[in-house]
Amino acid sequence: MKHTLITQIHISAPTAKVWQVLTAFEQYPHWNPFLVSLTGKVEPGKRIHVKIQPPDGKPMTFKPKVLAFEKEKEFKWLGNLLFPGIFDGEHYFQLIENADGSTTLIHGENFQGLLVGFLKSMLEGNTRQGFQSMNRALKFQCEQ
């Protein structure tokens, strides 16, 4: 089974500013309502430690592998539940520089694995809400 979750938001700030806030991981506990902690060496091939807090859900901690970390463009990782093939998620943030100097953030995840069908309502419910709450909080941080 596969499922894709995509959100986006327009941020009235330059891409460099959005990238700076998005990658100041030590600040996440102060402003990020969904991705409350991200630690480790963020570079392709390395594992990081991520803690998420979905709205009305239990906190989850996992150790995904960084797939891409391209300054002011993209940050992507791949995480699995237990082992590959059960419930895998390729989480990504893409920044698009707009002609007017603003930024469009595309924040999504491609899910696949045996449990995806069973968890689809959760993904479209509190997981989507978590992505959107993070997007709004990032926008607020960048525009103030």
To the nearest 0.5 Å, tell me how far Leu82 CG sits from Phe62 CZ.
13.5 Å
If Ile, Leu, Val, Met, Phe, Trp and Tyr residues are connected whenever their side-chain heavy atoms lie under 4.5 Å apart, and connections chain through other members, are Phe34 and Phe140 in the same group?
no
Quick one, Glu90 with Lys76, criterion side chain to side chain contact (heavy atoms under 4.5 Å, CB included). Give me CA distance, side-chain angles, the key distance, then yes/no.
CA-CA 7 Å; Glu90 185 180 279; Lys76 179 171 38 174; 3.5 Å; yes
Keeping the roles fixed (side chain from Asp88, backbone from Gly85), state whether a donor-acceptor pair exists under 3.5 Å.
yes
Distance (rounded to the nearest 0.5 Å) between Leu105 CG and Met134 CE
7.5 Å
Ignoring hydrogens and angles, tell me if any N or O in the side chain of Glu72 forms a donor-acceptor pair with the backbone of Thr15 under 3.5 Å.
no
Does the pair Leu115 and Leu81 meet the rule for a side chain to side chain contact (heavy atoms under 4.5 Å, CB included), with working shown?
CA-CA 10 Å; Leu115 296 180; Leu81 179 65; 3.9 Å; yes
Which atom of Lys51 lies closest to which atom of Pro59, heavy atoms considered
CE-CB, 3.8 Å
Side chain to side chain contact (heavy atoms under 4.5 Å, CB included) between Phe93 and Thr23, intermediate numbers included:
CA-CA 11 Å; Phe93 303 94; Thr23 59; over 6 Å; no
According to a 4.5 Å side-chain heavy-atom criterion applied to Ile, Leu, Val, Met, Phe, Trp and Tyr, with indirect links allowed, do Phe131 and Val36 form part of one hydrophobic cluster?
no
Do Lys2 and Val116 have side chains that get closer than 4.5 Å, going by heavy atoms?
no
Considering all heavy atoms, the nearest Lys63-Arg47 contact
O-NH1, 2.9 Å
Testing the 3.5 Å rule here: is there a donor-acceptor pair between the side chains of Asn98 and Thr103?
no
Trp77 and His91 aromatic ring geometry - parallel, tilted or perpendicular at 30°/60° bounds:
parallel
Between Pro44 and Ala68 the two heavy atoms that sit nearest each other are CG-CA, 4.3 Å
How close do Glu26 and His30 get, heavy atom to heavy atom, and via which atoms?
O-CD2, 4.1 Å
Donor-acceptor contact present, side-chain Gln20 to main-chain Ala24, <3.5 Å:
no
Once you round to the nearest 0.5 Å, how far does CZ of Phe25 lie from OG1 of Thr39?
10.5 Å
Considering non-hydrogen atoms only, spot the tightest contact between Glu74 and Trp19 and give its length.
O-CH2, 3.5 Å
Ile9 side chain near Arg136 side chain, heavy-atom distance below 4.5 Å:
yes
Between atom CD of Glu70 and atom CG of Leu95, what is the distance when rounded to the nearest 0.5 Å?
10.5 Å
Tell me whether Asp100 contacts the main-chain N or O of Ser102 through its side chain, where contact means a donor paired with an acceptor under 3.5 Å.
yes
Can you confirm whether more than 12 heavy atoms, excluding those of Met122, are under 6.0 Å from its CE atom?
yes
If I take atom CG from residue Leu5 and atom CZ from residue Phe111, how far apart are they, to the nearest 0.5 angstrom?
5.5 Å
Please give the remaining members of the hydrophobic cluster of Leu67, linking ILVMFWY side chains under 4.5 Å, ordered by chain and number.
Leu78
Within this structure, what is the CD1-NZ distance for the pair Ile11 and Lys17, rounded to the nearest 0.5 Å?
11.0 Å
Decide yes or no on side chain to side chain contact (heavy atoms under 4.5 Å, CB included) for Ser37 and His49, but give the supporting numbers first.
CA-CA 8 Å; Ser37 174; His49 297 244; over 6 Å; no
Give me the other members of the hydrophobic cluster that Ile106 sits in, counting Ile, Leu, Val, Met, Phe, Trp and Tyr linked by side-chain heavy atoms under 4.5 Å, directly or via other members.
Ile6, Tyr92, Ile96
Please list all pairs passing the side-chain hydrogen bond (donor to acceptor under 3.5 Å, both in side chains) test where one or both residues lie in residues 115-130, with sequence neighbours left out.
His3-Glu124, Glu124-Arg128
